[in-house]
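For the single chain, residues carry numbers from 1 onward in sequence order. All ligand and atom numbering here is 1-based and tracks the order in the structure.
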Amino acid sequence: MIVLGIETSCDETAAAVVDDDRTIWSNVVYSQLDEHIAFGGVVPEIAARAHLEVLDGVVRGAMSDAGVDLSDIDGIAATGGPGLIGGVIVGTMTAKAMAAAANKPYVAVNHLEGHALTARLTDDLNFPYLLLLVSGGHCQLLSVEGPGAYEQLGSTVDDAIGEAFDKSAKMIGLGFPGGPAIEAAAQSGDARRFHFPRPMKGRPGCDFSFSGLKTSVRQAILKTGPEALSERTAQDIAASFQAAVAETVADRCANAIIAFDEKYPEGKTLVAAGGVAANSVLRERLFALCALTGFRFVAPPPALCTDNAAMIAWAGIERLRLGLADDMDFAPRPRWPLEELRVEPA
Ligand code: KG4
Ligand code: ZN
């Protein structure tokens with residue numbers, strides 16, 4: 001089975017062709033970064049127009065890279081939400097039109113499910129597994145029993161983790177997007193110089209909190225005097241922030257591992273997914289935690305952690321295998337929590 005995937009939920013316009021034998025035949029990602037950088041964040045209206053302008057070329061590129069045409073494709077999957085609605089509409093309408101014209105099944109993929117199932121595309125991995133989903137808009141721990149079968153163990157009580165990276169980077173003056181900028185700056189920084197809090201650490205449960213950490217970053221900057229923020233200090237704040245995040249996340253994951261292991265003793269796997277899972281300090285920390293607890297740690301390569309369409313095509317494959325195509329009246333949605341996905345096998 002070969003599926004074309006389309007992703008347009010934020011500021012990446014992406015298309016990919018993926019095989020159900022786990023081969024990624026093509027994976028084209030057009031980043032709109034240059035169009036949003038002057039605004040210090042993604043502007044929804046600009047994003048929607050940019051998707052509209054480039055999506056047909058991106059799809060054509062993915063098909064020609066893969067050496068396929070529409071008749072070779074067994075299904076078309078597009079992100080149907082959650083995300084910036086203008087972009088989601090552009091991707092959904094394109095996928096529906098192609099599916100209708102070629103008489104192929106159409107699948108509306110939940111973007112979070114795309115992240116959640118990526119590890120099964122990149123690694124030989126069975127259900128169930130414990131999932132840490134860390135992206136720009138989300139921070140959750142879930143047990144994954146299958147496509148559509150998610151149970152939340154914990155989530156953030158305030159900011160999403162990627163948001164904490166992006167906002168802190170902005171305060172430090174490292175620009176946008178903040179995650180990669182903080183990771184790069186932190187490489188030359190001293191993680192012990194600033195003693196930022198480890199929110200929620202030591203508390204029972206699997207919830208996260210990042211707003212206090214963000215406030216501590218602001219206070220450190222104010223104390224140093226923002227004008228006087230030298231490159232050295234910026235690097236030290238970045239490194240100290242990143243260390244605090246990694247420690248906090250590892251602490252929450254340690255609790256989740258215990259809870260998950262009790263319910264699914266055969267699982268023994270922690271998967272990290274979403275843009276923030278590209279962070280190498282976080283990955284190392286989670287790898288060490290898993291080594292201690294006898295869990296396997298799986299994280300897709302960084303380029304498949306951040307937004308891409310290979311993950312959407314793959315989620316489409318997983319759904320089509322279960323006979324879960326969608327109707328043409330599927331309505332794109334800005335909000336679509338994973339727990340609301342219900343699989344009704346055909
Ligand atoms: O999954 P993603 O590409 O888009 C969403 O679905 O939100 O995640 C984007 C988020 C951004 O907040 C970005 O700063 C963060 O992932 N990110 C990182 C890294 N690369 C991307 N955060 C920390 N370290 C990174 N290397
Ligand atoms: Zn994402």
Side-chain angles (χ1 to χ4, degrees), residues 5-14 16 27 29-33 36-37 40-42 44 47 78-85 87-88 91 109-119 131-140 155-156 159-172 174-187 189 191 208 210 213-214 217 238-239 241-246 248-249 271-286 299-312 314-315 334-338:
I6 293 175
E7 158 60 35
T8 54
S9 68
C10 193
D11 60 339
E12 264 91 30
T13 313
N27 187 21
V29 181
Y30 168 81
S31 171
Q32 304 174 0
L33 193 58
H36 300 285
I37 210 155
V42 179
T79 299
L84 300 173
I85 195 64
V88 178
V109 171
N110 179 301
H111 179 86
L112 302 170
E113 179 159 80
H115 282 304
L117 300 178
T118 305
L131 172 70
L132 171 72
L133 180 51
V134 277
S135 69
H138 296 85
C139 186
Q140 287 169 281
S155 72
T156 179
D159 296 346
I161 185 166
E163 205 181 329
F165 269 96
D166 294 337
K167 287 183 178 163
S168 299
K170 205 169 181 175
M171 289 189 283
I172 306 168
L174 292 173
F176 168 83
I182 286 197
E183 179 165 6
Q187 269 173 1
F208 301 83
F210 296 103
L213 183 53
K214 204 178 58 192
V217 168
F241 167 84
Q242 187 174 250
V245 170
T248 275
V249 171
V271 170
V276 183
N279 187 277
S280 62
V281 170
L282 182 62
R283 290 164 83 104
E284 277 161 28
R285 191 79 202 213
L286 295 175
L304 292 174
C305 285
T306 49
D307 287 349
N308 65 86
M311 69 179 193
I312 303 303
W314 177 255
R335 212 189 137 268
W336 191 7
L338 267 183

TODO: May I ask you to identify, for H111, whether its side chain, its backbone, both or neither come under 4.0 Å of ligand 1 on a heavy-atom basis?
DONE: side chain

Task: Mode of H115 contact toward ligand 1 - side chain, backbone, both, neither (heavy atoms, under 4.0 Å) - done: side chain

TODO: Identify, by name, the N, O or S atom of D307 lying closest to the Zn ion (ligand 2).
DONE: OD1

Among protein heavy atoms, which sits nearest to [atom], and what does the distance come to when rounded to 0.1 Å?
atom: atom 26 (N) of ligand 1; value: E183 OE1, 2.7 Å
atom: atom 17 (N) of ligand 1; value: G275 O, 3.6 Å
atom: atom 9 (C) of ligand 1; value: G136 N, 3.7 Å
atom: atom 3 (O) of ligand 1; value: D307 N, 3.0 Å
atom: atom 15 (C) of ligand 1; value: V276 CG2, 3.9 Å

Task: Atoms of ligand 1, numbered as shown, that sit under 4.0 Å from any heavy atom of G162 - done: 12 (O)

TODO: Using a strict cut-off of 4.0 Å, indicate which atoms of ligand 1 neighbour a heavy atom of S135.
DONE: 1 (O), 5 (C), 6 (O), 7 (O), 8 (O)

- [ ] I would like to know whether K214 and E163 meet side chain to side chain contact (heavy atoms under 4.5 Å, CB included); could you show each step before the answer?
- [x] CA-CA 10 Å; K214 204 178 58 192; E163 205 181 329; 5.6 Å; no

Any side-chain to backbone donor/acceptor pair from [X] onto [Y]? Under 3.5 Å, distance only.
X: N110; Y: W336; answer: yes
X: R283; Y: A277; answer: yes
X: E12; Y: E7; answer: no
X: D166; Y: P177; answer: no

Within-cut-off N or O pair, [X] and ligand 1, under 3.5 Å:
X: G179; value: yes
X: N279; value: yes
X: T306; value: no
X: F165; value: no
X: E163; value: no

TODO: May I ask you to check if any N/O/S atom from H138 comes under 2.8 Å of the Zn ion (ligand 2)?
DONE: no

Task: Heteroatom test (N, O or S) for H111 near the Zn ion (ligand 2), limit 2.8 Å - done: yes

Would you say the side chain of [Y] lies within less than 4.5 Å of the side chain of [X], judging by non-hydrogen atoms?
X: F241; Y: L213; result: yes
X: L338; Y: L133; result: yes
X: N27; Y: L304; result: yes
X: H111; Y: D307; result: yes

Open item on the list: Any atom of ligand 1 sitting under 4.0 Å from a heavy atom of G137?
Closed with: yes

Task: Closest heavy-atom pair and its distance - A160, C139 - done: CA-CB, 4.5 Å

TODO: Can you see which heavy atom on V109 is nearest to which on G114, and at what distance?
DONE: CG1-N, 4.3 Å

- [ ] Would you sort out whether V249 and V276 count as a side chain to side chain contact (heavy atoms under 4.5 Å, CB included), showing the intermediate values?
- [x] CA-CA 11 Å; V249 171; V276 183; over 6 Å; no

Task: Heavy-atom proximity to atom 14 (O) of ligand 1, best of D166, V29, V245, L282 - done: D166

